[in-house]
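These notes are about the structure you will find just below.
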Amino acid sequence: MDYERLAKDKEDLCIKIRRDLHRIPELELDLPRTSKYVKERLTEFGIDYKEYINGNGVSALIEGAKPGKCLAIRADMDALPIKEETGLDFSSEIEGHMHACGHDSHMAVALTAAKIINENKDKLMGSVKFIFQPGEEIPGGAKPMIEEGVLENPKVDYIIGMHGGHLADIPHGKIGFKDNEMMASMDKFTIKINGHGGHGASPQATVDPIIISAEVLLGLQKIISREINPVDSGLVSVCKINGGFTQNIIPDQVEMVGTARALSEDVRDTIEKRVEEISSGIAKTYGGNAEVNYERFYPVLNNNPKFNSFVRGLVGEMFGDDIYEMDKAVMGAEDMAFYLQKVPGAFLFLSNLAQNPNGEVYVNHNSKFDLDESLFYKGVAIFVATAFEFSKGAINE
């Protein structure tokens with residue numbers, strides 16, 4: 001089969017689906033219009049589906065002519081709380097919501113691949129399960145999908161996913177590969193520094209939570225610079241500080257919110273432990289106290305080297321010059337990591353950021369973010385090739 005030609009033949013369909021979905025961005029785990037659209041396309045293509053998370057998640061199963069293993073292809077569906085400023089003809093119709101991370105294209109690529117695979121299922125052995133998941137952004141939809149059995153009946157043997165846009169320094173049009181750790185864990189912490197407020201002209205009569213929060217902020221940075229091995233990766237970023245009322249009142253409380261990232265569970269454990277110890281210790285030293293809430297969200301995303309090599313080989317046959325070997329992981333996070341904890345698989349980066357005429361670069365999560373639609377067919381071809389070649393037993397236990 002000529003997988004690249006099959007994908008190019010459906011290029012217009014893929015672009016249309018992406019534009020349809022771009023108009024109706026929805027957030028987190030509540031995607032009624034988006035999931036309805038996906039289900040309608042699956043029905044149109046003659047593919048059966050199941051629902052998850054109160055109808056907001058979808059899985060579709062294509063069974064081949066002969067029994068065999070099951071490959072899962074995953075696409076996320078949610079958008080972001082961003083006001084779109086692209087000026088596209090198919091801009092968001094929902095004020096304050098935007099597909100600013102490429103999830104509209106992920107759905108389009110997966111749906112197009114599903115149509116091609118279903119039209120050629122007489123050549124397929126085993127089955128292909130498509131997972132359309134809400135809430136890749138916090139609070140995360142992968143874990144509840146797994147808990148509701150999306151990886152069972154039939155049991156998924158391997159899984160593949162792909163992310164578009166520009167999540168790493170990969171040249172335009174290239175496909176990024178990375179064995180083992182590819183993306184970091186992602187946690188959130190909230191620190192409430194409690195002091196004793198009063199007049200700004202009488203600081204000696206107060207316990208100033210602003211001063212304490214400044215010391216805590218500096219202390220947290222020393223976790224990375226002095227407590228983590230320099231060859232290991234981790235970060236602690238305080239991204240929000242709230243406190244105070246006006247120029248002459250020392251408040252009672254300051255709240256700090258931030259994110260922590262790591263590429264190993266050991267580093268992750270160290271960061272969690274030390275965020276609490278440093279915050280509480282410094283606050284106590286200056287007469288206050290700290291309330292720390294540390295929430296673990298996504299684990300480290302680990303690609304299976306064996307399956308990654310298999311997919312890399314297929315991509316090499318179709319787009320040999322476009323393979324890009326990533327020499328290091330990125331500190332962004334993805335809840336695809338939950339699937340990869342349960343099932344061996346591969347997650348790829350398709351570098352397809354739209355080239356802006358003014359020379360500006362608008363990456364993922366920007367209000368002017370857009371994608372180069374002429375590269376979608378590569379994602380479709382990779383999914384289709386992986387499905388059919390996997391079904392031939394190319395991966396041996």
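Along the sequence shown, the residues carry numbers beginning at 1. Not measured: the values here are computed from a predicted model.
A donor-acceptor contact closer than 3.5 angstrom is absent between the side chains of N352 and D372. Defined by atom type and a distance below 3.5 Å, a donor-acceptor pair is present between the side-chain atoms of D20 and Y37. A donor-acceptor pair shorter than 3.5 Å cannot be found between the side chains of Q133 and D76.
Counting heavy atoms from C-beta on, the side chains of R268 and R296 come closer than 4.5 Å. Side-chain contact check for I241 versus V254: some heavy-atom pair is nearer than 4.5 Å. Counting heavy atoms from C-beta on, the side chains of F383 and T112 never come closer than 4.5 Å. With contacts defined as side-chain heavy-atom distances shorter than 4.5 Å, the pair E255/T190 qualifies. Side-chain contact between K69 and F390 is present, with heavy atoms from C-beta onward closer than 4.5 Å. Put simply, the side chain of M183 does not reach to within 4.5 Å of the side chain of L340, judged on heavy atoms. Contact annotation: the side chain of E227 never approaches that of K273 to less than 4.5 Å [non-hydrogen atoms, C-beta and beyond]. In this structure, the side chains of I117 and V384 come closer than 4.5 Å at one or more pairs of heavy atoms.
Look at D9 and R5 and you find a salt bridge, because one of the NZ, NE, NH1 or NH2 atoms lies within 4.0 Å of a carboxylate O, short of that distance. A salt bridge links K39 and E51; the closest N-O separation between the charged side-chain nitrogens and carboxylate oxygens is under 4.0 Å. Salt-bridge formation is detected for the pair D179/R312: a Lys NZ or Arg NE/NH1/NH2 atom is positioned less than 4.0 Å from an Asp or Glu carboxylate oxygen. Of the charged side-chain nitrogens involved, none lies within less than 4.0 Å of a carboxylate oxygen, so that D321 and K378 do not count as a salt-bridged pair. Under 4.0 Å is where a charged nitrogen must lie from a carboxylate oxygen, and between E360 and K368 no such pair does. A salt bridge links E119 to K115: at least one charged side-chain nitrogen sits closer than 4.0 Å to a carboxylate oxygen.
The side-chain contact (heavy atoms from CB on, under 4.5 Å) test with V156 is passed by exactly one of S127, P344, C70: C70. With E136 as the partner, the side-chain contact (heavy atoms from CB on, under 4.5 Å) test is satisfied by one option alone out of H106, R74, M77, E28: R74.
Of the inter-residue distances, the one linking T270 atom OG1 with I228 atom CD1 reads 5.0 Å to the nearest 0.5 angstrom.
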Apply side chain to side chain donor-acceptor pair (under 3.5 Å) to the pair Y3 and E317, showing each step before the final yes or no.
CA-CA 10 Å; Y3 303 118; E317 292 174 9; over 6 Å; no

Would E276 and S280 count as a side chain to side chain donor-acceptor pair (under 3.5 Å) here? Give the steps.
CA-CA 6 Å; E276 200 286 326; S280 297; 2.8 Å; yes

Residue pair E26, N56: steps toward the side chain to side chain donor-acceptor pair (under 3.5 Å) verdict:
CA-CA 11 Å; E26 297 171 296; N56 293 291; over 6 Å; no

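Classified by interplanar angle (parallel below 30°, tilted 30° to 60°, perpendicular above 60°), the ring pair H163/F349 is perpendicular. Ring orientation note: the planes of F307 and Y158 are close to parallel, at an angle under 30° on the 30°/60° scale.
Of the possible donor and acceptor atoms, one in the side chain of N118 sits under 3.5 Å from a partner among the backbone N and O of F45. Side-chain N or O atoms of N304 include none that pairs as donor or acceptor with a backbone N or O of G345 at under 3.5 Å.
Under a cut-off of 6.0 angstrom, the local environment of CG in D122 is crowded, with over 12 non-hydrogen atoms contributed by other residues, nucleotides or ligands.
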